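Throughout, protein chains are lettered first and strands after them, A, B, ... in sequence-line order, and every chain is numbered starting at 1. This one's a predicted model, so the numbers in the text were calculated from it and none came from an experiment. Any value given below was found using the heavy atoms of this structure, including those in side chains, with hydrogens, waters and symmetry copies removed.
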Amino acid sequence: MAQGRRIKSPEGNPFERGKQVRFQFEGRSLQGYDHEPLAVALMAAGVRVFGRSLKYHRPRGPVCLHGHCSGCLMRVNGVANIRTCETPCRSGMVVERQTGWPSAGLDFFRAVDLLSGERLDHHGMFTASSVLNRIAGYVVRKLSGLGAPPTADPQTPVPISRFSSDAVVIGAGAAGLSAAKTLSGCGHNVVLLEAEEHRGGRLLDGATQNGWERIRDFKEEIESVAGIEIHVKTPALAVYPGDTLQVVAGNEGKTFWISARRLIVCTGTYEQIPLFENNDLPGIFGPRAMDRLVCGYSVVPAEPVLVVGERDATLRLAGRLRELNVTLAGVVTTRTEGDALTSLKRKNVEIFQDRRIVRALGGKWLDRVELAHRSSEQSDLVLDCRACVVEAPPAPAYELAHHAGCRVSFSSQSGYLVQVNDEGQTTHGQIFAAGHIAGSDSVDAAAQSGERAGLACALSLKDDAQVRRRLESMQKG
Amino acid sequence: MGRTIVCRCEDVTVEDLNQAFSEGYRDLESLKRYTGFSTGFCQGKCCTAHAARFLSALKGGDDTVADPIRTRPLLHPTPASHFARAVELLDEESK
Amino acid sequence: MRDRAELVIIGGGIVGLSLAYQLARMGMTDVVVLEQGYLCFGASGRNGGGVRQQWSTEENILLAKQSVRMFRQLSREIGHNIWFRQGGYLFLARNAETAAALEKTVKLQNRMGVGTRIISPAAAARLVAGLHTEGIEACSYNSSDGVLFPWPAVWGMASVARQLGVQINTHTRVTGIDVKGREVVKVVTDRGAVATRRVVNAAGAWSWQIARMAGVELPNKPYRHEILVTEPLKPFLEPMLSDLSNGMYFSQTMRGEILGGISDPDEPSSMETGSSFRFLARMCSSMIRLLPRLSRVKILRQWAGYYDETPDGQPILGRVEPLDGFIQLNGFGGHGFMLAPAIGKIAAEWILRKVDHRIFHTYALSRFKHGETRKENFVIG
Ligand SMILES: Cc1cc2nc3c(=O)[nH]c(=O)nc-3n(C[C@H](O)[C@H](O)[C@H](O)COP(=O)(O)OP(=O)(O)OC[C@H]3O[C@@H](n4cnc5c(N)ncnc54)[C@H](O)[C@@H]3O)c2cc1C
Ligand code: FES
């Protein structure tokens, strides 16, 4: 089992790990750190297959590292389906894989995948005879389910904190932070909800290094403004429309039920893996996942790493990986110019131009990647790599706004965007949206749209000539 | 078997989407139900946009076909014990 | 779209499709089904898939019994697996009055050949590991009740009916019904009209609107009913559980999810299908009370659909005065899915071969005028 590699944590890293702890993984004692997610400690220890998919029993492993996907689910302390990427290591924890027979590593039911041809039609399955149908029902039921029911003691109902607020801001990325700051600066009380342990959103991406400094600045600023109540590790779960909006959020020990006069949704995007053959093989990550893993948590899951992408941020990540002495298999890009590309060339990173990824190969973990010329379906180049970073079109996290009935529109280019007017107001008058879910394409644009939505939201709560002037001058600018 | 996975929670492939489309399931809500994408643990965070793009492409690049699937709470899977006590508050408020 | 048909069915839910499917199998294929949304848009795509024979009226027991027999064959017939699992239904009574009512209905069910038994709370706890039996007076259990996946039943019936020649038009909304004298002549939609002499109103919670287009007033009212689903877990719950004190029910699906809902006495009649926090809270609280091991089970999603409710909780079936050829198959409240196979079969025989059935008399609309209603008091959710 090839181990992941731990590297030194750089200065100023908000993800600095704490003291060593030991936890149990399927009878072995493994080492992790305080504040380090289990998924990261497991990858560092060389655990690669985290589970198996339900239908074809294909190997699954962490993908997004931001608490969105289902790749890293395991059984923790007797409870199934815990996202190990957002569960910090604690001493004495008992962690197990929950799918696959006899184990997730060696799963005989993988045969389903290998033998079932192009498609396994679960609708027509076992309908040839009624007797067969009943027997199949019995067997299939035994195989169903993600993990066994909880064996931990029943949990006493979690206390609920019920209160009202002028405004709730969801998401503490660049947009949410500046929206909250602006609103409270205008004299309104604000509750800021953040799903992750750290605020910052994209500012936490290590490859854009000034992000970390900006978070520190923001943090100081925010802490200096009165009237913002911040809850981290507290994802908003639902927005129920009504005379006043009902926002429900929760963390491990408490549920929040907030009546909000206004809401600003700044939930950013979900990172996706693009569509190519075997795109689900463990070892394939999006740029932000790899960034978090290497730059944030200081663990290199496997090497060499191939980076595939066009965006500046992706190319910068490749450069950053090189600086951190991560072995690169190269960079695949259609870009021909730009600072990020020049700097990669200067660092002697091999560039594969005009190609795209058509297929990933490997058993339980990525082994190699096949590339084809842009204009062709046929692969003409095979690269050995044990990890691959590949970017995909965006998928904004529009759901919460949509719960409340805000109109959302689709375009192939941007995914689902929450419709907003010039001031960030959605089609639901009491709800505003800012940042990537409203179409911003950079951290700076997101911060600006957050400020604008904050001002417009403040104005809608209370008319104020000064605020109006600020908003107007922003619109002109 | 080489597969292009659209929805990794539920193992829905590009072939599944094509097949469903050819059987006449040509709107996103039907495609979702017939193939199962977006019904998994992540509730579509990692697949809905892919499926929408795919449908739009199948319809010759018509983005209007991909009106969003009706979004429902919860955004993240959360234990039942986190909501049970709201009943006490509901009772108080109705008094 | 065809511009004329022998019969037009309004509503592509399980009731309308079950009728279309049976008619087609009996040879009548000059039939057009009109559905405003996608298949599964209405209650038939939003329900819990519960199938039980524990009812308090003879008609419902008969229909449910026949439907169970049909569901056992349906996957094969329609080439779509509905994953019908007969894990039983367990009703729980929390006071003496409900317990007595349970006993009475069980006697009726037994007389009609359904093997329901009254069992003690201790026996119930042996069926359901971890059941919290405090406060439970008595239980009734029938092992041949069960749960299924509704969607494939809808798709399968539609696809067979289509193969046989029925035309099913989705995304086609009925906007009017033309009537001449005592006769229906035409159904108008947003995508054209269909001339016909016979129309079936199987529009579920929208049935009152459709009836009004033909000048008929139905007493049906739509009510939102909410439901939720949890993460899928390995099988640990055999029967559907239903708490009669608050109308809460849940079962484990073939995929392993816990799926269930609860009635809300304060829910007003409306055409609202949003989700509410009130439902989430009430459901979580009562499911944990009954089965504390669910406390750590994660809720994945909540949604809502309509119940199409009549004043006595029974459907409206058959002809209405003064129109010939305007047939009602609606008002199924929270149990139309489980009765649909039998309803489709009986209605098809009645329409095509004029085979009469008692349900067209007991459940005729005219019963409300004549005061001949008998309430089904075993309505859950
Ligand atoms: C949450 C929930 C849980 C339930 N649980 C169960 C259960 O466990 N077991 C059970 O047996 N039943 C259950 N039910 C009830 C069951 O789902 C319904 O009784 C059954 O589906 C009714 O079928 P239907 O075909 O009459 O109505 P629907 O499925 O609602 O079909 C009617 C169709 O008519 C269409 N329509 C309406 N107006 C127009 C128009 N103008 N033009 C064209 N088309 C139109 C609608 O779009 C709709 O698709 C439940 C219902 C809900 C909401
Ligand atoms: S990837 Fe489709 S539901 Fe999770």
Side-chain angles (χ1 to χ4, degrees), chain B residues 7 9-12 16 19-46 48 51 55 59 64-95, chain C residues 35 37-41 45-46 80 149-152 154-155 158-159 162 168 170-171 226-232 246 250 253 255 257-258 260 262 264 266 273-304:
Chain B
C7 168
C9 295
E10 296 294 313
D11 270 353
V12 179
D16 291 326
Q19 176 68 23
F21 189 82
S22 73
E23 286 181 35
Y25 299 95
R26 297 185 173 194
D27 59 90
L28 211 56
E29 295 277 8
S30 298
L31 268 184
K32 163 192 155 181
R33 287 169 176 73
Y34 200 71
T35 65
F37 81 78
S38 185
T39 65
F41 192 83
C42 86
Q43 286 287 294
K45 294 183 185 67
C46 308
T48 306
L55 178 64
K59 292 233 182 175
T64 60
V65 297
D67 271 352
I69 295 172
R70 175 127 191 206
T71 312
R72 297 277 189 179
L74 300 171
L75 188 59
H76 295 283
T78 308
S81 56
H82 286 232
F83 307 112
R85 286 190 62 180
V87 169
E88 300 156 23
L89 297 165
L90 285 166
D91 287 346
E92 272 170 36
E93 283 180 25
S94 67
K95 264 183 224 146
Chain C
E35 167 55 50
Y38 49 90
L39 291 179
C40 291
F41 171 73
R46 299 164 186 259
H80 280 63
F149 274 146
W151 298 344
V154 172
W155 297 322
S159 99
R162 267 183 181 140
I168 299 172
T170 57
H171 304 281
E226 296 184 77
I227 189 163
L228 60 73
V229 70
T230 70
E231 62 190 329
N246 57 8
F250 61 83
T253 68
R255 280 161 57 135
E257 308 137 325
I258 298 296
I262 184 168
D264 189 340
D266 296 335
T273 52
S275 296
S276 77
F277 186 49
R278 177 182 162 83
F279 161 72
L280 180 67
R282 294 178 69 239
M283 184 64 198
C284 289
S285 149
S286 25
M287 63 194 238
I288 295 177
R289 171 169 80 155
L290 199 56
L291 201 54
R293 64 192 300 202
L294 295 182
S295 63
R296 288 182 191 274
V297 174
K298 294 183 264 313
I299 311 295
L300 228 54
R301 184 180 179 87
Q302 61 176 129
W303 69 93

Handout entry: Interatomic spacing from CH2 in W151(C) to CZ in R33(B) - rounded to 0.5 Å
Key = 5.0 Å
Handout entry: Top of P292(C), G37(C), G274(C), S286(C) for chain B proximity - count of heavy-atom pairs under 4.5 angstrom
Key = G274(C)
Problem - Proximal component of R296(C), with respect to chain B [non-hydrogen, under 4.5 Å] - result: backbone
Practice task
Identify which of L89(B), L75(B), T78(B) forms the greatest number of heavy-atom pairs closer than 4.5 Å to chain C.
Solution key: T78(B)
Handout entry: Over all atoms of both residues, closest heavy-atom pair of C284(C) and A80(B)
Key = CB-O, 3.5 Å
Practice task
Sort Y34(B) into side chain, backbone, both or neither according to what part of it lies under 4.5 angstrom from a heavy atom of chain C.
Solution key: both
Problem - R255(C) portion near chain B, given a 4.5 angstrom heavy-atom threshold - result: side chain
Exercise for the section: Kindly compute the distance separating CZ (R301(C)) from OG1 (T71(B)), expressed to the nearest 0.5 Å. Expected result: 7.5 Å
Problem - Which atoms of E10(B) approach chain C - backbone, side chain, both or neither, heavy atom under 4.5 Å - result: side chain
Handout entry: Heavy-atom contact with chain B under 4.5 Å, split by part of I288(C)
Key = side chain
Completion exercise
Taken to the nearest 0.5 Å, the spacing of F83(B) CZ from F277(C) CZ works out to 6.5 Å
Problem - Contact class of W155(C) relative to chain B, heavy atoms under 4.5 angstrom - result: both
Completion exercise
One option among E23(B), H76(B), R85(B), R72(B) has the most heavy-atom pairs under 4.5 Å with chain C, and it is R72(B)
Handout entry: L90(B) CG to F279(C) CZ distance, which is reported to the nearest 0.5 Å
Key = 13.0 Å
Handout entry: Stepwise side chain to side chain contact (heavy atoms under 4.5 Å, CB included) check, F41(B) with K298(C)
Key = CA-CA 10 Å; F41(B) 192 83; K298(C) 294 183 264 313; 4.1 Å; yes
Exercise for the section: Please examine the side chains of T39(B) and V229(C), heavy atoms only from C-beta on, and report whether any two atoms are closer than 4.5 Å. Expected result: no
Practice task
Indicate the atoms forming the closest heavy-atom contact of V87(B) with S285(C), along with that distance.
Solution key: CG2-CB, 3.5 Å
Problem - L74(B) and L280(C): CA distance, side-chain angles, deciding distance, side chain to side chain contact (heavy atoms under 4.5 Å, CB included) verdict - result: CA-CA 10 Å; L74(B) 300 171; L280(C) 180 67; 4.0 Å; yes
Problem - Interchain contact, E231(C) with chain B, by part (heavy-atom threshold 4.5 Å) - result: side chain
Completion exercise
Cut-off 4.5 Å, heavy atoms of chain C, and the answer for H82(B) is neither
Handout entry: Heavy-atom contact with chain B under 4.5 Å, split by part of T273(C)
Key = both
Problem - Distance (rounded to the nearest 0.5 Å) between R70(B) CZ and F41(C) CZ - result: 9.0 Å
